[in-house]
Amino acid sequence: VQLQASGGGLVQAGGSLRLSCAASGLTFSNYNMGWFRQAPGKERDFVASIGGSGVVSNTAGSVKGRFTISRDNAKNMVYLQMTSLKPEDTAVYYCAAASRGQSVYSGGYDYWGQGTLVTVSS
C-alpha cells in the first residue's frame with residue numbers, strides 16, 4: 001500500500017491550498033481516509049476523515065468551516081481543501097487509511113503517507 005500526499009507549500013495567511021493524496025495497492029473504497037497534521041515539537045493531530053463512500057465525514061473543531069475533506073473513488077484520491085489559512089495551520093500534513101471505522105486517533109489508521117509541508121506566513 002502506498003499513500004502519496006502532495007500539494008503543500010508556502011501561503012500567506014488568509015490564502016488557500018488543496019492537498020491531494022493518491023492511494024495505491026488497496027481497494028480504496030473499502031477504506032476510511034483521514035488527514036492529520038503535526039507541527040514542530042507537537043503531537044500529530046486529527047484534521048478530518050471521510051468514509052469509504054464519501055458520504056460521512058468528520059472535521060476537527062479547529063478547522064471546521066475552513067477545511068473540507070473529499071474523495072474520488074474512481075481516481076483513488078482523497079483531498080483536503082484548506083481556506084482562510086492561519087499561521088497556526090503550519091504543519092506537516094499526512095494522509096492515512098483505515099480499514100475499520102473513521103477515527104480521530106492516529107492509532108486507528110493502518111497506512112500512512114509521507115507527509116506534505118504546509119507553511120502559512122503572517
Side-chain angles (χ1 to χ4, degrees):
V1 175
Q2 284 193 329
L3 300 176
Q4 183 74 37
S6 62
L10 175 64
V11 62
Q12 288 188 332
S16 300
L17 278 177
R18 188 177 83 153
L19 304 184
S20 300
C21 176
S24 61
L26 74 172
T27 304
F28 186 65
S29 60
N30 288 352
Y31 283 78
N32 300 295
M33 298 299 294
W35 285 97
F36 286 74
R37 68 185 181 183
Q38 187 167 19
K42 295 188 176 181
E43 295 185 350
R44 191 170 296 189
D45 291 331
F46 170 77
V47 175
S49 64
I50 189 166
S53 66
V55 173
V56 179
S57 64
N58 185 26
T59 307
S62 59
V63 304
K64 194 177 293 288
R66 300 189 297 121
F67 291 11
T68 303
I69 188 171
S70 62
R71 66 189 294 161
D72 185 339
N73 285 348
K75 296 181 179 179
N76 284 14
M77 297 288 294
V78 61
Y79 306 99
L80 185 68
Q81 179 67 49
M82 306 186 294
T83 63
S84 300
L85 282 161
K86 304 175 182 179
E88 52 262 44
D89 295 319
T90 295
V92 177
Y93 284 72
Y94 299 89
C95 61
S99 58
R100 299 173 293 279
Q102 293 187 53
S103 177
V104 301
Y105 302 105
S106 59
Y109 291 79
D110 304 292
Y111 304 106
W112 291 84
Q114 86 290 357
T116 185
L117 177 63
V118 173
T119 303
V120 184
S121 63
S122 57

I need the [X] [atom1] to [Y] [atom2] distance, nearest 0.5 Å.
X     : Y     : atom1 : atom2 : result
Ser62 : Phe46 : OG    : CZ    : 9.5 Å
Arg66 : Thr83 : CZ    : OG1   : 7.0 Å
Tyr93 : Trp35 : OH    : CH2   : 10.0 Å
Tyr31 : Leu3  : OH    : CG    : 10.0 Å
Tyr79 : Cys21 : OH    : SG    : 10.0 Å
Met77 : Cys95 : CE    : SG    : 9.0 Å

Check the pair Ser49, Met33 against side chain to side chain contact (heavy atoms under 4.5 Å, CB included), reporting the backbone distance first and the verdict last. CA-CA 6 Å; Ser49 64; Met33 298 299 294; over 6 Å; no
Sequence neighbours excluded, the answer for side chain to side chain donor-acceptor pair (under 3.5 Å) partners of Arg71 is Asn73
Side-chain polar contacts of residues 110-122 - donor-acceptor pairs under 3.5 angstrom, sequence neighbours left out - could you list them?
unit_1: Asp110; atom_1: OD1; unit_2: Arg100; atom_2: NH1; d: 3.3
unit_1: Asp110; atom_1: OD2; unit_2: Ser99; atom_2: N; d: 2.6
unit_1: Asp110; atom_1: OD2; unit_2: Ser99; atom_2: OG; d: 2.8
unit_1: Gln114; atom_1: OE1; unit_2: Ala5; atom_2: N; d: 3.3
unit_1: Gln114; atom_1: NE2; unit_2: Ala5; atom_2: O; d: 2.9
unit_1: Thr116; atom_1: OG1; unit_2: Gly8; atom_2: N; d: 3.1

Consider only side-chain heavy atoms of I, L, V, M, F, W and Y, link residues closer than 4.5 Å, and tell whether [X] and [Y] are in one cluster.
X      : Y     : value
Ile69  : Leu85 : yes
Val104 : Phe36 : yes
Val1   : Val78 : yes

What salt bridge (charged side-chain N to carboxylate O under 4.0 Å, His left out) pairs are there with at least one residue in residues 11-38, not counting sequence neighbours? Arg37-Asp89
Which pair of heavy atoms, one from Gly108 and one from Ala98, lies closest together, and at what distance? O-CB, 3.3 Å
Measure across Lys42 and Gln38 and return the closest heavy-atom pair with its distance rounded to 0.1 Å. O-NE2, 3.0 Å
Are there more than 12 heavy atoms of other residues, nucleotides or ligands under 6.0 Å from atom NZ of Lys64? yes
Before giving the answer on side chain to side chain contact (heavy atoms under 4.5 Å, CB included), spell out for Met82 and Leu19 the whole-Å C-alpha distance, their side-chain angles and the decisive distance to 0.1 Å. CA-CA 8 Å; Met82 306 186 294; Leu19 304 184; 3.7 Å; yes
Please confirm whether the backbone N or O of Ser103 pairs with a side-chain atom of Tyr109, one donor and one acceptor, at under 3.5 Å? yes
Decide yes or no on side chain to side chain contact (heavy atoms under 4.5 Å, CB included) for Asn32 and Ile50, but give the supporting numbers first. CA-CA 6 Å; Asn32 300 295; Ile50 189 166; over 6 Å; no
Please test Val47 against Phe67 for side chain to side chain contact (heavy atoms under 4.5 Å, CB included), starting from the C-alpha separation and ending with a verdict. CA-CA 8 Å; Val47 175; Phe67 291 11; 3.8 Å; yes
